[in-house]
Amino acid sequence: MLSVNPADGPVLSVLYGTDAMRSIIGERAFLARMLDVEAALARAQARLGIIPEEAAAAITENAVLDKIDLPALARATQNTGYPVVGLVRQLTALAGNEAGRWTHWGATTQDIIDTAIVLQLREAFALIRQDLHRLSAALAAKAQEHRALVMAGRTHLQHALPLTFGYKCAIWLSPLITMRERLDQMEPRVLKVQFGGAAGTLASLGDQGIAVAEELARELDLAAPDAPWHVARDSVTEAICFLGLLTGTLAKFATDVMLLMQTEVAEVFEPHAPGRGGSSTMPQKRNPIACEYVIAQARGVAALVPQMLNAMPVDQERGTGPWQTEPLAVPQAFTLAHGALSQAITIAEGMTVDAARMRRNLDSTGGLIVAEAVMMGLAPHLGRGGAHDSVHHACDIALAEGVSLAEALGRDPCVTGALDAAAIARLTDPSNYLGSAGAFIDRVLARL
């Protein structure tokens, strides 16, 4: 079948998403996980004496995707609106007349689909956790390596105060550590079996319904919820909201690097390879390609979050539409999120840092970036208001005449009456005005 989604095409898929995530969250994996649930249900019911053990063995043996006629399944799905009916029919035939009649015993379509999705989410979370650790390790290494590398901090894209590149890396890292914590906290709420039968009461299993649900949860190594959740969609929606938070965090990192790559700034760069980030017409270009695809995929995930939120109001005991929205959002969100994460790893592990350019940019305003430091140093002598006025006047002179802040300060008798040349030099050295930057780096790294 032809794909209309760039994330699944033969060419553009190398830019959007990853094959690793597609193999977990894609349609073939979804169908395979549904078969896993059917087989696990049969084994759980056999242990409880509800169906024959021979039937469970036959169902398990034939619950293999390669045995399924996918074109026939597609035709059946088009007719019924769900893949489970056709899948169960084929599995029943494969298991044989005697064993097959026990297939899908007491279950409903949504039980199989929802639990299959949960199995996919478990694998997807494991992949995200693994790569979050890798990205965090890369940024932690950069924070430690560059903890003393002074650069210009910028607010509203203008020079503000000096900080260190190590501090900047720690600021990128801290929310990623929080993402790992969120993932750990979220998994118990999301990784739970769904088994409720036709309307959620498991009436077809009599007084054995809860026992089957709990045994199925044990078989699949999932949590057993307090009640069926087929019309309570908060857990799956939370997973997509988490991806929105994760990719938003990645996009902040990518945005900063992209801005630092501007020709006029040129302090930090994505890893470079021949031809990477090139232009068809401008040979000199080294575009921030990985940053751009982090941001693009983050926007894609952000657009899917409201889609999931809007699907939460499921009517009565089985929805008439909202639930069918989820398959359009969940695989896309995970594919794009892992694509963004993969691109962010590329940036973090391979970024190059131009320390000399950082220093030139830092010095480009002749010390104006530490005007606050001078003001705070003068305040005990002149009062805060007087110090502010003196430094503000010196800044005006420095800007108007193109001299350094230190030189402009040296012309003011009020300043020189309070501070000698050595004191002015200390106050106008950006490396002496870093506040708690180093301590913040240490506090972030301690959380790893």
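The analysis underlying the following values was restricted to heavy atoms, covering all of them including side chains, and did not include hydrogens, waters or symmetry mates. Position 1 is the first residue of the sequence, and the numbers go up from there.
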Do the side chain of Gln194 and the main chain of Thr115 share a donor and acceptor less than 3.5 angstrom apart?
no
When you measure from the side chain of Asp354 to the backbone N and O of Ala356, does any donor-acceptor pair fall under 3.5 Å?
yes
Sequence neighbours excluded, the answer for side-chain hydrogen bond (donor to acceptor under 3.5 Å, both in side chains) partners of Glu181 is Arg447
Would you list the pairs meeting salt bridge (charged side-chain N to carboxylate O under 4.0 Å, His left out) in which at least one residue belongs to residues 86-99, sequence neighbours left out?
Glu98-Arg101
Does the side chain to side chain contact (heavy atoms under 4.5 Å, CB included) test come out yes or no for Val330 and Leu121, once each step is laid out?
CA-CA 9 Å; Val330 173; Leu121 296 188; 4.2 Å; yes
Partner residues of Glu238 under the salt bridge (charged side-chain N to carboxylate O under 4.0 Å, His left out) criterion, sequence neighbours left out
Arg189
Considering only NZ, NE, NH1 and NH2 on the basic side and carboxylate oxygens on the acidic side, decide whether Glu267 and Lys168 come within less than 4.0 Å.
no
Provide the full list of salt bridge (charged side-chain N to carboxylate O under 4.0 Å, His left out) pairs with a residue in residues 192-211, sequence neighbours left out, each pair given once.
none
Look at the side chain of Glu38 and the backbone N and O of Val88, then say whether any donor-acceptor pair between them is shorter than 3.5 Å.
no
Give every residue pair that meets the salt bridge (charged side-chain N to carboxylate O under 4.0 Å, His left out) criterion with at least one member in residues 323-333, sequence neighbours excluded.
Arg233-Glu326
Pairs where residues 97-138 contributes a residue and the test ring-ring contact (aromatic ring centres under 6.0 Å, His included) is met, not counting sequence neighbours
Trp102-Trp105, Phe125-Phe334
So the ring-ring contact (aromatic ring centres under 6.0 Å, His included) pairs with at least one residue in residues 237-265 (sequence neighbours excluded) are Trp172-Phe253
Over 12 foreign heavy atoms within 6.0 Å of CD, Glu27
no
Does some side-chain heavy atom of His159 sit less than 4.5 Å from a side-chain heavy atom of Arg154?
yes
Under 3.5 Å, which donor-acceptor pairs link side chains of residues 212-225 to any protein atom two or more places apart or in another chain?
{"from": "Glu215", "atom 1": "OE1", "to": "Arg218", "atom 2": "NE", "distance (Å)": "3.2"}
{"from": "Glu215", "atom 1": "OE1", "to": "Arg218", "atom 2": "NH2", "distance (Å)": "2.7"}
{"from": "Glu215", "atom 1": "OE2", "to": "Arg47", "atom 2": "NE", "distance (Å)": "2.8"}
{"from": "Glu215", "atom 1": "OE2", "to": "Arg47", "atom 2": "NH2", "distance (Å)": "3.1"}
{"from": "Glu219", "atom 1": "OE1", "to": "Arg47", "atom 2": "NH1", "distance (Å)": "2.9"}
{"from": "Glu219", "atom 1": "OE1", "to": "Arg47", "atom 2": "NH2", "distance (Å)": "2.5"}
{"from": "Glu219", "atom 1": "OE2", "to": "Arg43", "atom 2": "NE", "distance (Å)": "2.7"}
{"from": "Glu219", "atom 1": "OE2", "to": "Arg43", "atom 2": "NH2", "distance (Å)": "2.9"}

Side-chain (Arg318) to main-chain (Ala198) donor-acceptor, under 3.5 angstrom
yes
Sequence neighbours excluded, every pair satisfying ring-ring contact (aromatic ring centres under 6.0 Å, His included) that has a member inside residues 33-92:
Tyr82-Trp323
Salt bridge check: are Arg28 and Asp66 linked by an N-O gap of less than 4.0 Å?
yes
Backbone N or O of Met358 within a donor-acceptor pair of the Asn361 side chain at under 3.5 Å?
no
Hey, does the side chain of Asp131 reach the backbone of His338 with a donor-acceptor pair shorter than 3.5 angstrom?
no
With no hydrogens and no angle check, is any side-chain donor or acceptor of Gln332 less than 3.5 Å from a backbone partner on Ala329?
no
Donor-acceptor pair between Arg147 and Gln144 side chains, under 3.5 angstrom
yes
Can you list, pair by pair, the side-chain donor-acceptor contacts under 3.5 Å of residues 290-310, counting residues two or more places apart and other chains?
{"from": "Gln297", "atom 1": "OE1", "to": "Gly17", "atom 2": "N", "distance (Å)": "2.7"}
{"from": "Gln297", "atom 1": "NE2", "to": "Tyr293", "atom 2": "O", "distance (Å)": "3.0"}
{"from": "Asn310", "atom 1": "ND2", "to": "Pro306", "atom 2": "O", "distance (Å)": "3.0"}

Got a salt bridge between Asp256 and Lys252, using NZ or NE/NH1/NH2 to carboxylate O under 4.0 Å?
yes
Pairs involving residues 337-352, ordered by first then second residue, that meet salt bridge (charged side-chain N to carboxylate O under 4.0 Å, His left out) (sequence neighbours left out):
Arg134-Glu349
Pairs satisfying ring-ring contact (aromatic ring centres under 6.0 Å, His included), at least one member in residues 176-231, at least two apart
none
Could you walk me through whether Tyr167 and Leu434 satisfy the side chain to side chain contact (heavy atoms under 4.5 Å, CB included) test, starting with their C-alpha distance in whole Å, then the side-chain angles of each, then the deciding distance to 0.1 Å, before giving a yes or no?
CA-CA 10 Å; Tyr167 167 83; Leu434 298 173; over 6 Å; no
